[in-house]
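Below is one structure, written out as structure tokens; the observations come after it.
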Amino acid sequence: MTKKTDQDVMRENNKKLVLKTLFNAGQTSRSSIASAVHLQKSTVSSIILELHEDGLIEELGIGEASNAGGRRPNLIQFNYRYGYVLAFDMGARHLRYSVNYMNGEVIQKESLRLTGHSIKDVFQMMQQVISGLPAFDTMNGLLGIAVSAHAPVHENEIRYSPFLELDSFSLLEALQEIVDVPIRFENEANLTAISIRDFWYYSGEESLSSLLALNIHNGIGVGTIINEQLYHGMQGLAGEIGRSVIYKDGQVYRLEELYSEKAVMEKIAQQNGKQELTVEEFVTLIKSKDSFVLTVVDEWVTAIAQITYNLVQYGAPEAVFLSSRSLSQFPELLNRIFEEYKALNPLGETRIEFTQHDIYESSLLGGVALIARQVLGLESQDLIFKK
């Protein structure tokens, strides 16, 4: 294999810098990009020509002259119709998917109820989705697939799953048999953290370089961004906070056995003589101010405040984002969580808030950003995606 020269490496880095600037800029011009990246216009023009030949640039025509006069610029923008990416979320009962342009804009999304608990059943549903997708008026059609798993992921394979029967079946290999595009698997809490990093904007503020995404649903997981990069830990096991142990009433429990959304709902269902509750039923019971339900929710709020406090003491992030399908419908509960958190006297000024999207939308958006970055070769660049 021929070793790249320093000049080749510099050229490749410059190309990534120009492409990143083009991706983030919206409508722009060659001269504006050259000014932004501090490269010679001839270097930028050469790279722009190469990106144009690759199909990554859309010509918009002549723009307005600046206030100082001079030539009117030829406007360009990133060609978001270069192709599309597909993101799946494998939940306990549903397979959700989202089809998005390369800049993040949604083309189509849907939630399908799983017909079985085997990973082979999930693959068959994925295969049907993929085979039914048209080109969506893009140049290259499907460019990559991301898969969100509610389980640890290592080296692009699901390590184990509390919700699906893996049956020694490689979903990655099965998908590679039917499509010839990059495929990435990632833990759903990690993808939520990526979606916050890449899709959220804070007007007048600098972007967050460190954050935690605390997802509370069938289990409890944490996605961690440090210095703007996702942290996986050894063998992809970082963030499995739900497996932490807690001593209560003379017994040792896993944290998620007591304080996951699933565990709380099962406790209330048992009190009401039911096998299970839907999220909608749970929300209705909270709104009805059922005394038993409110007592359980009070304990849950306290537990979440304590979990958040412990995470902050360890990781010292700039912000913690809480995701829960039920809690997010009650903004006042966030205030209570924050008040109890502050009463524990934490160090620092970490911000705590609910995510702007539900859990599944967040993990899908994170998957879109993950695979789009890989396709473009911009995994470590600071990109701004659109919703």
Side-chain angles (χ1 to χ4, degrees), residues 54-56 78-151 153 155-159 161 163-188 190-192 194-195 199 357-377 385-387:
D54 291 340
L56 290 167
F78 174 78
N79 181 17
Y80 68 95
R81 292 182 181 271
Y82 175 74
Y84 66 83
V85 293
L86 170 63
F88 287 107
D89 179 274
M90 300 189 301
R93 294 186 176 89
H94 292 83
L95 175 68
R96 297 167 177 86
Y97 73 89
S98 181
V99 182
N100 299 59
Y101 291 121
M102 293 291 287
N103 64 352
E105 292 182 40
V106 177
I107 304 172
Q108 175 181 313
K109 62 181 180 179
E110 191 173 354
S111 177
L112 306 171
R113 188 164 185 83
L114 289 178
T115 55
H117 295 289
S118 168
I119 196 71
K120 294 179 183 178
D121 298 323
V122 175
F123 167 67
Q124 290 175 355
M125 294 180 71
M126 287 181 171
Q127 187 175 26
Q128 291 175 356
V129 170
I130 294 168
S131 64
L133 294 177
F136 291 112
D137 194 28
T138 61
M139 289 178 59
N140 299 295
L142 178 64
L143 295 172
I145 298 173
V147 180
S148 168
H150 295 237
V153 173
E155 295 182 348
N156 221 22
E157 287 283 358
I158 302 169
R159 294 202 59 192
S161 173
F163 310 116
L164 292 172
E165 299 163 5
L166 299 182
D167 303 325
S168 300
F169 176 81
S170 174
L171 180 56
L172 175 62
E173 292 179 4
L175 288 171
Q176 288 172 333
E177 287 290 325
I178 62 173
V179 289
D180 184 22
V181 297
I183 301 170
R184 288 286 297 275
F185 285 73
E186 186 54 87
N187 170 267
E188 51 84 26
N190 288 345
L191 290 178
T192 297
I194 289 174
S195 75
F199 279 88
H357 310 106
D358 66 33
I359 291 168
Y360 306 113
E361 185 179 8
S362 293
S363 62
L364 288 171
L365 289 174
V368 167
L370 181 74
I371 198 66
R373 283 174 171 278
Q374 179 174 340
V375 169
L376 294 172
F385 286 81
K386 298 176 176 59
K387 291 176 283 187

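Both backbone and side-chain heavy atoms feed into the values below; hydrogens, waters and symmetry mates do not.
- Arg373 pairs by the salt bridge (charged side-chain N to carboxylate O under 4.0 Å, His left out) definition with Asp198, not counting sequence neighbours.
- The minimum heavy-atom distance between Ala151 and Ile158, with the atom names listed, is CB-CG2, 3.9 Å.
- Smallest separation of non-hydrogen atoms from Leu370 and Arg184: CD1-NH2, 3.4 Å.
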May I have the list of side-chain donor-acceptor pairs in residues 99-107 shorter than 3.5 Å, sequence neighbours left out?
{"from": "Asn100", "atom 1": "OD1", "to": "Ser98", "atom 2": "OG", "distance (Å)": "2.6"}
{"from": "Asn100", "atom 1": "ND2", "to": "Gly104", "atom 2": "O", "distance (Å)": "2.8"}
{"from": "Tyr101", "atom 1": "OH", "to": "Arg81", "atom 2": "NH1", "distance (Å)": "2.9"}
{"from": "Asn103", "atom 1": "OD1", "to": "Glu105", "atom 2": "N", "distance (Å)": "3.2"}
{"from": "Asn103", "atom 1": "ND2", "to": "Glu105", "atom 2": "OE2", "distance (Å)": "2.9"}

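- Distance check, rounded to the nearest 0.5 Å: CZ of Phe185 to CZ of Arg159 gives 15.5 Å.
- Not one N or O on the side chain of Asn187 forms a donor-acceptor pair closer than 3.5 Å with the backbone of Val153.
- Between Leu172 and Glu157 there is a side-chain heavy-atom pair separated by less than 4.5 Å.
- With contacts defined as side-chain heavy-atom distances shorter than 4.5 Å, the pair Glu186/Val147 does not qualify.
- Between the side chains of Asp89 and His94, not a single donor N or O lies within less than 3.5 Å of an accepting N or O.
- Counting heavy atoms from C-beta on, the side chains of Tyr82 and Asn140 come closer than 4.5 Å.
- Leu364 approaches Phe88 most closely through the heavy-atom pair CD2-C, 3.7 Å.
- In this structure, Ser148 and Glu188 approach most closely via the heavy-atom pair OG-CB, 3.1 Å.
- The heavy-atom pair separating Val375 from Pro182 by the smallest distance is CG2-CG, 4.5 Å.
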query = Can you list the steps and then say if Leu142 with Phe136 is a side chain to side chain contact (heavy atoms under 4.5 Å, CB included)?
reply = CA-CA 9 Å; Leu142 178 64; Phe136 291 112; over 6 Å; no
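- Here the shortest heavy-atom pairing between Gly366 and Ser195 reads N-CB, 3.6 Å.
- Separating the CG atom in Asp54 from the CG atom in Asn79 is a distance of 11.5 Å, to the nearest 0.5 Å.
- Enclosure of atom CD in Glu177 is not indicated, since only 12 or fewer non-hydrogen atoms of other residues, nucleotides or ligands lie within 6.0 angstrom.
- In this structure, the side chains of Tyr84 and Leu133 come closer than 4.5 Å at one or more pairs of heavy atoms.
- Contact annotation: the side chain of Leu365 approaches that of Glu361 to within less than 4.5 Å [non-hydrogen atoms, C-beta and beyond].
- Side chains of Leu56 and Phe78 form a contact here, defined as non-hydrogen atoms less than 4.5 Å apart.
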key: Steps toward side chain to side chain contact (heavy atoms under 4.5 Å, CB included) verdict (Ile183, Gln176)   = CA-CA 8 Å; Ile183 301 170; Gln176 288 172 333; 3.9 Å; yes
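- Looking at Leu175 and Glu173, their side chains never come closer than 4.5 Å, going by heavy atoms from C-beta outward.
- The one candidate from Val85, Leu376, Leu86 that meets the side-chain contact (heavy atoms from CB on, under 4.5 Å) condition with Ile371 is Val85.
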Between side-chain atoms of residues 113-129 and protein atoms elsewhere (two or more places apart, or another chain), which donor-acceptor pairs fall under 3.5 Å?
{"from": "Ser118", "atom 1": "OG", "to": "Lys120", "atom 2": "N", "distance (Å)": "3.1"}
{"from": "Ser118", "atom 1": "OG", "to": "Asp167", "atom 2": "OD2", "distance (Å)": "2.8"}
{"from": "Asp121", "atom 1": "OD2", "to": "Ser118", "atom 2": "N", "distance (Å)": "3.3"}

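- Two residues are said to be in side-chain contact when any heavy atoms from C-beta on lie closer than 4.5 Å; Gln108 and Tyr97 meet this criterion.
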